[in-house]
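Accompanying notes for the structure given below.
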Amino acid sequence: MYLCSPLTKSNIKIRIMQLSPLEIIRRESLQKLRELGINPYPAEEFKTTATIKEILENFESFEGKEVVLAGRMMSRRIMGKASFAELKDASGRMQIYINRDEISSDAEGTMYNTVFKKLLDMGDIIGIKGEVFKTKVGEESVNVKELTVLSKSLRPLPVVKTDADGKVHDAFSDAELRYRQRYVDLIVNDHVKETFIKRTKITNSIRDFFNKRDYLEVETPILQPIPGGAAARPFKTHHNALDMPLYLRIANELYLKRLIVGGFDAVYEFSKDFRNEGMDRTHNPEFTVMELYVAYKDYLWMMNMTEELLEKVAMDSNRTTEVKIGENMVSFKAPYARVPILEAIKIHTGFDVAGMDEIALKEVCKKVGVAVDETMGVGKLIDELFGSKCEHHYIQPTFITDYPKEMSPLTKEHRTNPALTERFELMVNGKELANAYSELNDPIEQRERFEEQLKLTEKGDDEAMFIDQDFLRALEYGMPPTSGIGIGIDRLVMFMTNNSSIQEVLFFPQMRPEKKAVEMSEDEKAIFHILKANSPMLLNDLKTQSGFSNKKWDKTIKDLTKKSLAKINNTEEGLFVELGK
RNA sequence: GACCUGGUAGCUCAGUUGGUAGAGCACCUCCCUUUUAAGGAGGUGGUCCUGGGUUCGAGCCCCAGCCCGGUCACCA
């Protein structure tokens, strides 16, 4: 199917010129395969009879039997009239043995001498039919009788070799290349694939746990008119038909609570959330949070549920509750310690800050060396104290409970202390993994809390929280007492797979776009150089300095702006040209 | 956003006070029918991230920028 216009001759020339010698050889091999009557991209189904994993795990029952396998050829050891190669399918890798006289039907041995030895390369996808056997040195192999080309690879893969000691040589380890070309990473780095398989095991484990309890998995809007449920800068977009702004959700909390109002007893959602903030080892602009809300429960119940859930997740994904995270061994075996946040501060700073006002708290902060500024209220100060003095101590899973009210606008007031809330964060390896509340369901108090938040953030910034009037309306109809939790799934996967970077647990982490090499003509270069020396400058001045004819000038400047190398601004002072980005 | 590392062949990396651009693997040619980081002989391959500057001469020094990574800041 040809959806795009055919390549012109000159385009082909340019493309060929950009190819590396290795790529040119492969394209020539592709052509020669076709000349031999071999379709390098056949359409028909290739029926396999086994997977590599099945064979290796039940070798005795396969030995001597015929199998049909398909996969990518990862390496070759050619020895004259016989060769070994490594075949990799979705389940694993195994060796195949290829003998000239067994796979070739003609006297010249074309299939072996020409097709296999000359025209196939590492990375090609092939199908084989052959007999399972063990070599002299005892390696499980398949003796190939028939070889089928299933897909010719035109780009060379990085060559990664593993020696007898399991030591990896020339590992494909450049982070930028690995993330930009994750498909290559997945092909050559088996452990990367394992990480992502484990990620799915983790989410399946959670779903399984909830579904067995008849909790309902739901989907709520990603495009929201008011980005609520958290305080973060949202991504903004625009709906043309409604002519209104819409935001990518920063959280789904307020929508799930609406569903609890609507009469569901328990709802959960794996929510892709989006926050327009900095990126680093633990933050990606889009990330996944699992949020769960259960009616008639409180945060104490939620702690028990969380312990049970994480113990199961660890067992399902790692077959043990003891998980190595960095240098630490972390046990996900229930129960977990429960420490009120003020108690934690007392333990790690020696100061009992319960009931302290802003002034007294600032004094404590100074004494223990925590930086403060004027804008910080009681809640923020306690948060800072905990964050810098306590958090990193909690390596084993620990519920930090009973946060100050000021920090928790969606949380129900504590049943015994009106200054606190019924909230916990679960700390693991010194980081927050989950955040849960007894949800605030008093609509009048909720409105007041929102208004307090508005005051706190009302410093003329663009993050001022909107009040979601519809959410308040829903609460006014009555929401049962409810407990909710959000678990950072990316972070959980990082823990369970012992990765310290979020990019290692996302298939396609956000990256800056690749810089495309821009080709400039001589004329364009001339203009570009004048402009570079004096940007921005009046369009007419630039045109005069170029000395170009009207026609030549027009073409050149249009091409430059098309390539974003120059930009024309129409201002009150006249038409200006400046360097593009 | 600030600071620190780095960017050299398809991949992993060396590169001396600033003096002809290097290795291993991959690739090409040849030998080799149970090897396994297969082996042996020979060979091809470079925008040294980009643009300026200093210099007789820059991969190396200086300036500006781009991109990855790290640390910090930001992030209830």
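Lettering of chains follows the sequences in order, A, B, ..., and the numbering in each one begins at 1.
Counting non-hydrogen atoms under 4.0 angstrom, L177(A) reaches the backbone sugars and phosphates but no base. When heavy atoms are screened at a 4.0 angstrom cut-off, E86(A) is found touching no nucleic acid atom at all. Heavy atoms of D280(A) sit under 4.0 angstrom from at least one base atom. Heavy atoms of N143(A) sit nowhere under 4.0 angstrom from any nucleic acid atom. Among the atoms of the strands shown, none is found under 4.0 Å from any heavy atom of Y403(A). When heavy atoms are screened at a 4.0 angstrom cut-off, V168(A) is found touching no nucleic acid atom at all. Nucleic acid contact for K117(A): none, since no nucleic acid atom lies under 4.0 Å from a heavy atom of the residue. Counting any heavy atom pair closer than 4.0 Å across all strands shown, Q503(A) reaches sugar-phosphate atoms only and no base atom.
Note: H348(A) and H393(A) have parallel aromatic rings, judged against thresholds of 30 and 60 degrees for the angle between ring planes.
Taking the six-membered ring wherever Trp is involved, the centroid distance between the rings of F84(A) and Y97(A) falls below 6.0 Å.
With both ends at atom C1', the span from A41(B) to U54(B) equals 47 Å, rounded to whole Å. Using P as the reference atom, C63(B) and U12(B) are 29 Å apart when rounded to the nearest Å.
For the pair R77(A) and U35(B), the criterion of a side-chain N or O lying under 4.0 Å from OP1 or OP2 is not met.
Counting distance only, with no hydrogens placed and no angle test, the side-chain atoms of Q95(A) and the base atoms of U35(B) include a donor-acceptor pair under 3.5 Å.
Rounded to whole Å, atom P of C74(B) lies 16 Å from atom CZ of R275(A). Between the CG atom of L22(A) and the P atom of C25(B) there is a distance of 15 Å, given to the nearest Å.
Pairing of C27(B), defined by two Watson-Crick or G-U wobble distances under 3.5 Å, is identified with G43(B).
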Does the pair K412(A) and D442(A) meet the rule for a salt bridge (charged side-chain N to carboxylate O under 4.0 Å, His left out), with working shown? CA-CA 8 Å; K412(A) 191 174 277 191; D442(A) 176 340; over 6 Å; no
